[in-house]
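These notes are about the structure you will find just below.
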Amino acid sequence: MKHLFQNKLFRITLFIIIFIFLAIQFIKPKLEISSQSNDLSLNPALKQIFKKACYDCHSNETNLSWFDKIQPAYWLVAQHVKTGRQYLNFSRWDSIPKTVQKGVLFESLNQIQFGTMPLGSYEKIHPGSKVSSSEVSEIEKYLSTLITNNPSDSSVINSANRQYNNWLQHQALNFATAPSPNGIEFIPAYKNWKAISSTDRLDNGTMRIIFGNDIAVKAISNKNINPWPDGTIFAKAAWAQVRDSLGNVHAGQFIQVEFMIKDARKYASTHGWGFARWKGVSLLPYGKNKLFTTECMGCHQPMKNNDFVFTMPLTFK
Ligand code: HEC
Ligand code: HEC
């Protein structure tokens with residue numbers, strides 16, 4: 001060691017390194033930091049959870065630790081905060097339309113449950129940010145209170161039933177449907193596929209059925225589902241839920257049908273899946289242009305170790 005320090009080249013290099021280290025402490029991208037009162041107007045317990053786990057990157061109340069502020073770590077942190085705020089900024093909660101807020105909370109719950117948020121690299125050095133399972137149920141409980149369970153009157157139910165029957169009988173014949181902006185054609189045959197799962201969505205009271213084509217069903221029985229083989233197609237159809245005075249749930253207004261078509265090559269740029277969605281009874285293709293798929297991919301991202309598919313084979317049995 002002593003020898004090293006006597007070496008002039010070593011001393012100069014060391015000096016340069018220290019100099020650069022000190023110098024970069026002064027070049028820091030600016031992060032707007034402010035505290036605001038119009039953030040997340042939830043119940044206080046819930047806000048506490050988001051505050052400790054998410055606010056550093058998803059609000060203007062970023063509270064960095066001293067070790068986050070040292071360069072070059074700070075560059076990375078600042079980048080995460082900037083992108084994080086672009087996706088979701090709790091300080092601007094009021095600017096998110098009321099109807100969308102529930103969906104954002106639901107997506108946040110998904111991201112937490114599948115372990116993608118808070119970011120792993122962040123959670124490692126900020127262990128206090130981990131969301132515990134009791135906190136997860138707290139969020140679930142809150143979301144379930146947002147569903148309005150008022151019984152609908154019988155005319156609503158009758159018209160919903162009529163529409164459902166209509167869907168069963170006629171939608172398959174609707175060949176005039178325009179293709180999705182990414183070129184994918186509507187697949188009317190999905191209604192004859194096997195229903196492999198159904199779910200209720202907590203936040204907005206919808207009822208969903210997920211259908212799989214023959215290749216999907218065969219892949220399940222062969223336990224060959226990660227990755228799913230080329231040719232697999234899922235369809236997810238959603239209806240609003242209506243509840244009659246006895247508390248029975250009926251399928252209401254047809255909301256949409258979405259597809260995921262597996263072709264690892266053809267759809268390489270979208271995780272190997274072709275995404276498409278048609279909305280309403282009139283089956284209008286969703287998306288202004290083909291970039292609509294970034295929205296699909298963003299939400300399916302937490303399932304990347306499951307070939308981006310949420311539906312688990314366990315629920316198939
Ligand atoms: C260390 C910074 C950081 C923390 C902490 C963090 N996030 Fe994120 N979050 C990001 C970044 C960066 C993105 C942008 C997408 C990506 O890189 O995955 C993001 C994206 C998101 C998205 C949008 C996902 C999408 O692709 O549409 C949601 C929802 C989200 N975060 C929720 C949360 C929740 C809820 C928490 C707390 C439990 C949290 N995040 C904590 C950095 C963070
Ligand atoms: C807000 C988050 C979110 C967005 C955005 C989203 N999905 Fe999904 N998707 C889910 C969830 C969660 C499931 C699991 C089933 C359920 O709970 O309804 C799912 C399931 C599916 C399924 C059934 C296969 C599976 O993964 O279980 C298809 C098909 C599908 N989505 C297509 C799409 C398409 C096409 C888009 C974009 C137009 C899209 N999704 C956008 C959250 C999302």
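Counting starts at 1 for both ligands and their atoms, in listed order.
Note on ring orientation: taking the six-membered ring where Trp is involved, the planes of Phe254 and Trp239 are perpendicular (angle over 60°, cut-offs 30° and 60°). Note on ring orientation: taking the six-membered ring where Trp is involved, the planes of Phe234 and Trp273 are tilted (angle from 30° to 60°). Phe19 and Phe15 have parallel rings, their planes meeting at less than 30° on a 0 to 90° scale where 60° marks the start of perpendicular. Taking the six-membered ring where the residue is Trp, His126 and Tyr122 present parallel rings, their angle staying beneath 30° rather than reaching 60°.
Relative to atom 16 (C) of ligand 2, the option among Arg277, Arg208, Lys279 with the closest non-hydrogen atom is Arg208. Compare Met297, Glu135, His80, Gln86 by their heavy atoms: the one nearest to atom 12 (C) of ligand 1 is in His80. Atom 32 (C) of ligand 2 has its nearest heavy-atom neighbour, among Gln256, Lys236, Gln301, Glu258, in Glu258.
For ligand 2, the atoms sitting less than 4.0 Å from at least one non-hydrogen atom of Cys296 are 34 (C), 35 (C), 36 (C), 37 (C), 38 (C), 39 (C), 41 (C), numbered in the order shown with element in parentheses. Near Ala276, meaning under 4.0 Å from any of its heavy atoms, are these atoms of ligand 2: 35 (C). In summary, the atoms of ligand 1 found under 4.0 Å from a heavy atom of Thr83, numbered by their order in the structure, are 12 (C). Near Ile210, with a cut-off below 4.0 Å to any heavy atom, the atoms of ligand 2 are 15 (C), 23 (C). Atom numbering of ligand 2 starts at 1 in the shown order; those under 4.0 Å from a heavy atom of Val309 are 25 (C), 26 (O), 27 (O). Counting the atoms of ligand 1 from 1 in the order shown, those under 4.0 Å from a heavy atom of Gly298 are 25 (C), 26 (O). If you number the atoms of ligand 1 from 1 as listed, the ones under 4.0 Å from a heavy atom of Ala53 come out as 5 (C), 37 (C), 38 (C), 41 (C). Taking every non-hydrogen atom of Tyr122 and a distance limit under 4.0 Å, the qualifying atoms of ligand 1 come out as 1 (C), 5 (C). Close approach of ligand 1 to Leu119 is summarised as follows: ligand atoms under 4.0 Å from at least one heavy atom of the residue are 1 (C), 2 (C), 42 (C), 43 (C).
The protein atom (non-hydrogen) at minimum distance from atom 8 (Fe) of ligand 1 is His58 NE2, 2.0 Å.
Atom 8 (Fe) of ligand 1 has Met117 among its coordinating residues (N/O/S atom, backbone or side chain, under 2.8 Å). Atom 8 (Fe) of ligand 2 lies at 2.8 Å or more from every N, O or S atom belonging to Cys299.
Counting heavy atoms under 4.0 Å from ligand 2, residue His300 touches it through the side chain alone. At a heavy-atom distance under 4.0 Å, atoms from both the backbone and the side chain of Thr311 approach ligand 2.
Heavy-atom neighbours of Asp214 CG from other residues, nucleotides or ligands within 6.0 Å: at or below the threshold of 12.
At least one side-chain heavy atom of Asn226 sits less than 4.5 Å from a side-chain heavy atom of Asn306. Within the 4.5 Å cutoff, the side chain of Leu88 has no heavy atoms near those of the Phe50 side chain. Lys236 places none of its side-chain heavy atoms less than 4.5 Å from the side chain of Met260. Side-chain atoms of Ile261 and Ile187, non-hydrogen and from C-beta on, do get closer than 4.5 Å to each other. The shortest distance between side-chain heavy atoms of Ser180 and Phe259 does not fall below 4.5 Å.
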